[in-house]
Structure formats: C-alpha cells, structure tokens
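The figures here come from the full heavy-atom set of this structure, side chains too, leaving out hydrogens, waters and symmetry mates. Keep in mind the model is a prediction, meaning the values are calculated, not measured.
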Amino acid sequence: MSKPVLVVIAHGSRDPRHAATVHALVRRVRSLRPGLRVETGFLDFNIPSVHGVLESLAAEGVRDVVALPLLLTRAFHAKADIPAVLRDAPARLRIRQAEVLGPSPLLLAALERRLREAGLSPADKPSTGVVLASAGSSDPEAIAVIAEIAREWRHTGWCAVRPAFASASLPRTEDAVRELRELGCARVAVAPYVLAPGFLPDRIARGAAEADVLAEVLGPAPEVARVLLERYDAARTPALAAVGA
C-alpha cells in the first residue's frame, strides 16, 4: 500500500523570502524521509495553489493525501480557510487534514536553536529575558496557546519570558522588550515564533530595535521538519476521519 502524499499548505506572501523559506523547509522534510512524496501548495499570492496541487495529484491517479497546514496555531486559516479548500478538492481524493504544528517541544527546541545561533549560550539564560514574538491573531484560542508556551518556556531557566504579537493582539514586541528591561533582566532577546519572513516578521524585527539579540525565524530548522513528519504520521492513523466524511 502506497504512503499518502504529504501536501504542505502554506499561507503565501508577496514577499519572495516567504516561498523560498517554505521550499527550503520542504526540502529538509524530504531529506529526512526520502521515500515520502511531499508537495507544496499556497493559499494565496504564490503558485502552485492548493487547489492546483490537488487537481494535479488526482489527475495522476493519487488516492490518499495528508494535507498539513503550515501554521503554528489553530486560528482562522486552520479552522475555516483550509477545510473549505479541501472540501473543493477532486472527489477521488481521500484527504486527511493534519493538525497544525504547534504547540510542540520540538518547536521550543527550534527557538532555542535560533537563540544560540544568534549568540546566546546556556550560561546566558538566567540573566536573559526572552520575548516570544508571534504574528498575532484575533482567535482567543491561538492567543492562549502563545501565552501558555511563554509560561512553559520560562521554566527552562530564562530570567523571564513574555509573549508579544505583531498584529491583532497586545503587547507589541517593543512593549515586551521594555517590560523585561524594567523587570531587571540584564539582557533581552527576541525570538520570532514565525515560520518564514514577511510583513509581520519584519514588524517584529522593528520592534526588537531596543533588544540585545534578535533571533532568526524558525524557517527550515531540523526540529520544524521533524514536527511536520510527526503531524503527517499522526494523520495517517485510521482514527482520523477523512475530510468531508
């Protein structure tokens, strides 16, 4: 029995760095699982579209697909946009929608990796406050998840961890940086909890102007690629019903 094709569903952006980063992440996923077919579709701005990818797979005779939202939280895109696109897929396809990537201990490990790459060492943790800077959402569930991740991360040895949001919610990155200064943290680092560069990550970077350290976006970190494969494997289990069933 052939493995379901993994279709990674990315948001898309006018910023060319976004698609380049998504493709780099997908290449890493392929390198970790050489026998798995992985395709990429975009909801907006970039090609191929999700619909176009699904049409092509159906035309090839593919039957089983795992659709994986390249999202860190379960907000509007995961709850509404993506299910709507999948309902319009060719009828011959059996599609399971995987869970979003976060939260996951592997994503925390990826955040730690990016901070190390930006110059922080484990010895710096007790004196360093971290801003967990996400894109933001109007969805209360998504906001609560980010706040909980910040609380959990604080227990790994950092001076303090504060969530921040680039849109829709408060506080902004610059406000969280100032709060950590006022708490007495000797050093402040900003860790973007975003997958790829673009408009909102650029806003996070501007908000980090007064921080000591700004980490890179998660991008194609190996831990992120491993989360994708975990979500794919979980969606393959019979316990998950096919979309539209």
| Glu174: salt bridge (charged side-chain N to carboxylate O under 4.0 Å, His left out) partners, not counting sequence neighbours | none
| request: State plainly whether one hydrophobic cluster holds both Ile204 and Phe165, where clusters connect Ile, Leu, Val, Met, Phe, Trp and Tyr through side-chain heavy atoms under 4.5 angstrom apart. | output: no
| query | Taking 4.0 angstrom as the limit, do Arg114 and Glu223 come out as a salt bridge? | reply | no
| Under 3.5 Å, side chain of Arg74 to main-chain N/O of Glu141, donor-acceptor pair present? | no
| note | Rounded to the nearest 0.5 angstrom, the CZ-CZ distance for Arg231 and Arg226 is 12.0 Å
| Backbone N/O of Cys159 and side chain of Arg154: donor-acceptor pair under 3.5 Å | yes
| message | Take a 6.0 Å sphere around CD of Glu152 and say whether it holds more than 12 heavy atoms from other residues, nucleotides or ligands. | response | yes
| If we only count heavy atoms from C-beta on, is the Val194 to Leu200 side-chain gap below 4.5 Å? | no
| request: Can you establish whether the number of heavy atoms outside Arg92 located under 6.0 Å from its atom CZ is more than 12? | output: yes
| message | Would you say that Leu32 contacts Val29 through its side chain, given a criterion of any heavy-atom pair below 4.5 Å between the two side chains? | response | no
| task | Could you tell me whether the side chain of Arg28 and the main chain of Ala225 form a donor-acceptor pair under 3.5 Å? | result | no
| With distance as the sole test, does Arg37 use its side chain to make a donor-acceptor pair with the main-chain N or O of Val5 at under 3.5 Å? | no
| field | Leu43 CG to Leu71 CG distance, which is reported to the nearest 0.5 Å | value | 7.5 Å
| Can Val85 and Ile9 be said to form a side chain to side chain contact (heavy atoms under 4.5 Å, CB included), step by step? | CA-CA 10 Å; Val85 170; Ile9 301 178; 5.9 Å; no
| said: Strictly distance-based, threshold 3.5 Å: is any side-chain N or O of Arg172 a donor or acceptor partner for the main-chain N or O of Ser169? | reply: yes
| Interatomic distance, Leu72 atom CG to Leu195 atom CG [nearest 0.5 angstrom] | 4.0 Å
| message | I'd like to check Glu230 versus Asp233 (side-chain heavy atoms, cut-off strictly below 4.5 Å). Are they in contact? | response | no
| Any donor-acceptor pair under 3.5 Å linking the side chain of Ser127 with the backbone of Asp124? | yes
| said: Between Asn46 and Val22, is the side chain to side chain contact (heavy atoms under 4.5 Å, CB included) condition met? List the steps. | reply: CA-CA 11 Å; Asn46 303 105; Val22 170; over 6 Å; no
| ILVMFWY cluster, Val131 and Leu108 together (side-chain gap under 4.5 Å) | no
| task | Determine whether Glu39 and Val65 make a side-chain contact, defined as any pair of heavy atoms from C-beta on separated by less than 4.5 Å. | result | no
| query | Should Val217 and Leu228 be regarded as members of a common hydrophobic cluster, given that ILVMFWY residues are connected when their side-chain heavy atoms come within less than 4.5 Å of each other, either directly or indirectly? | reply | no
| note | For Leu180 and Gly129, the nearest pair of non-hydrogen atoms, with its separation, is CD1-C, 3.7 Å
| For the residue pair Leu214 and Ala208, what are the closest heavy atoms and their distance? | CD1-CB, 3.9 Å
| request: Return the orientation label for the Phe45 and His11 ring planes: parallel under 30°, perpendicular over 60°, tilted otherwise. | output: tilted
| Would a distance-only check, ignoring hydrogens and angles, find a side-chain to backbone donor-acceptor pair under 3.5 Å from Arg162 to Val177? | no
| request: Could you state whether Val188 and Leu183 fall into the same hydrophobic cluster, counting links through intermediate Ile, Leu, Val, Met, Phe, Trp or Tyr residues with side-chain heavy atoms under 4.5 angstrom apart? | output: yes
| Is any side-chain heavy atom of Asp202 closer than 4.5 Å to a side-chain heavy atom of Pro197? | no
| query | Can a salt bridge be assigned to the pair Asp212 and Arg181 using a cut-off of 4.0 Å between side-chain N and carboxylate O? | reply | yes
| message | Tell me whether the count of non-hydrogen atoms from other residues, nucleotides or ligands lying under 6.0 Å of CD in Glu216 goes above 12. | response | no
| field | Pairwise distance CD1(Ile95) to CZ(Arg87) - rounded to 0.5 angstrom | value | 11.5 Å
| Under 4.0 Å between a Lys/Arg side-chain N and an Asp/Glu carboxylate O for Glu148 and Arg151? | yes
| field | Thr73 versus Val145, closest heavy-atom pair with distance | value | CG2-CG1, 4.3 Å
| task | Kindly give the heavy-atom pair with the smallest separation between Pro69 and Ala98, and that separation in Å. | result | CD-O, 3.3 Å
| From CA spacing to verdict: side chain to side chain contact (heavy atoms under 4.5 Å, CB included), Leu106, Val224 | CA-CA 7 Å; Leu106 284 169; Val224 179; over 6 Å; no
| request: Could you go through the side chain to side chain contact (heavy atoms under 4.5 Å, CB included) check for Leu115 and Trp158 one step at a time? | output: CA-CA 12 Å; Leu115 287 169; Trp158 296 103; 3.8 Å; yes
| Quick check: does any side chain N or O of Thr40 sit under 3.5 Å from a backbone N or O of Val8, one acting as donor and the other as acceptor? | no
| Are side-chain heavy atoms of Arg187 and Leu120 found at a separation under 4.5 Å? | yes
| query | Could you state the interatomic distance from OH (Tyr193) to CD1 (Ile149), rounded to the nearest 0.5 Å? | reply | 3.5 Å
| field | Donor-acceptor contact present, side-chain Tyr232 to main-chain Pro4, <3.5 Å | value | yes
| Do the side chains of Leu57 and Val7 get nearer than 4.5 Å, heavy atoms only? | yes
| query | So do the side chains of Leu25 and Leu70 get within less than 4.5 Å of each other, counting heavy atoms only? | reply | yes
| Closest non-hydrogen atom pair between Leu111 and Pro192, with its separation | CD2-O, 3.8 Å
| Expected output: side-chain Asp64 to main-chain Lys3 donor-acceptor under 3.5 Å | no
| request: Kindly give the heavy-atom pair with the smallest separation between Pro220 and Thr21, and that separation in Å. | output: CD-CG2, 4.1 Å
